[in-house]
Amino acid sequence: MQIPEQPDKTLLMRLQEGEARAFATVYELYKQPMALRLLQLVRNEAYAEELLQDVFMKVWETRALINPDLSFKAYLYRIATNMAFNFMQRASKEREIMERIIQSSTELYEHVEAELLNKENEQLIARILDGLPTQCRSVFTAVKLDGFSHKEAAERFGISTHTVNNHVQKASKYLKTYLTSPGGLPFLLALYLFS
């Protein structure tokens with residue numbers, strides 16, 4: 001069937017006046033070429049079908065503006081192209097927003113997960129270090145966990161750097177012995193898993 005560039009002028013005037021039968025005739029004449037055009041633009045059959053309905057709804061809503069002397073086919077193609085462009089622009093923005101949401105929620109989840117793991121590890125080490133004398137535990141925690149230098153720890157606790165070094169070595173040896181003892185590593189894992 002040959003698609004007319006311009007339907008009968010009287011048909012368009014009847015459409016302008018809101019005649020449903022005229023609209024149905026125009027729809028039947030142009031639905032196929034419009035569907036193909038939309039499919040070329042959006043490359044998705046379901047979206048093209050949805051947009052096709054929107055195009056003809058727009059024609060019905062703006063029927064009073066149709067000029068029977070101008071190309072009706074060009075008018076339809078312009079509406080279809082604009083709708084497809086707006087649809088793709090909206091879809092692109094929605095995709096971008098979703099990607100940002102996913103990325104930020106993933107980053108937040110990873111940050112929170114790392115934070116929880118660090119706190120659990122700190123609590124676990126604190127439980128193990130409870131077996132050490134108070135000052136030895138405090139010095140080791142300051143140097144190994146809080147990042148103090150030996151000199152800074154010496155100033156903070158009012159002891160020599162040699163004493164700081166002794167406390168750190170004593171605590172490290174205690175941890176190593178604890179972890180390699182028969183109940184050490186399983187106990188450590190049990191504390192970690194069931195605390």
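Residue indices begin at 1 and follow the sequence shown.
- With a 4.5 Å cut-off on side-chain heavy atoms, Leu38 and Glu50 do not count as touching.
- Contact check for Trp60 versus Leu15: side-chain heavy atoms found under the 4.5 Å cut-off.
- Closest of all the heavy-atom pairs between Ala22 and Arg14 is CB-CB, 3.8 Å.
- Between atom OG1 of residue Thr161 and atom NZ of residue Lys151 there is a gap of 9.5 Å, rounded to the nearest 0.5 Å.
- Between Asn44 and Leu39 there is no side-chain heavy-atom pair separated by less than 4.5 Å.
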Would Tyr75 and Thr62 satisfy side chain to side chain donor-acceptor pair (under 3.5 Å), going step by step from the backbone distance to the final call? CA-CA 11 Å; Tyr75 174 71; Thr62 60; 2.9 Å; yes
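- When all heavy atoms of Phe140 and Val168 are compared, the pair lying nearest together is CD1-O, 4.0 Å.
- Leu52 and Met34 get closest at one heavy-atom pair: CD1-CB, 3.4 Å.
- Note on ring orientation: taking the six-membered ring where Trp is involved, the planes of Phe87 and Tyr47 are tilted (angle from 30° to 60°).
- No side-chain heavy atom of Phe157 sits less than 4.5 Å from a side-chain heavy atom of His167.
- The side chain to side chain contact (heavy atoms under 4.5 Å, CB included) search around Phe85 returns Gln89, not counting sequence neighbours.
- For the pair Glu152/Val143, no side-chain contact is recorded, criterion being any heavy-atom separation below 4.5 Å from C-beta on.
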Given Tyr30 and Phe56, is the ring-ring contact (aromatic ring centres under 6.0 Å, His included) satisfied, shown in steps? CA-CA 10 Å; Tyr30 289 98; Phe56 280 99; 7.7 Å; no
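- Counted within 6.0 Å of CD on Glu49, heavy atoms from surrounding residues, nucleotides or ligands total 12 or fewer; the atom is thus considered open.
- No side-chain heavy atom of Ile66 sits under 4.5 Å from any side-chain heavy atom of Met13.
- With a 4.5 Å cut-off on side-chain heavy atoms, Tyr77 and Val55 do not count as touching.
- A donor atom on one side chain and an acceptor atom on the other are found under 3.5 Å apart for Thr163 and Ser160.
- Nearest heavy-atom pair across Met88 and Leu41 is SD-O, 3.4 Å.
- Side-chain atoms of Asn67 come within 3.5 Å of backbone N or O of Asp69 as a donor-acceptor pair.
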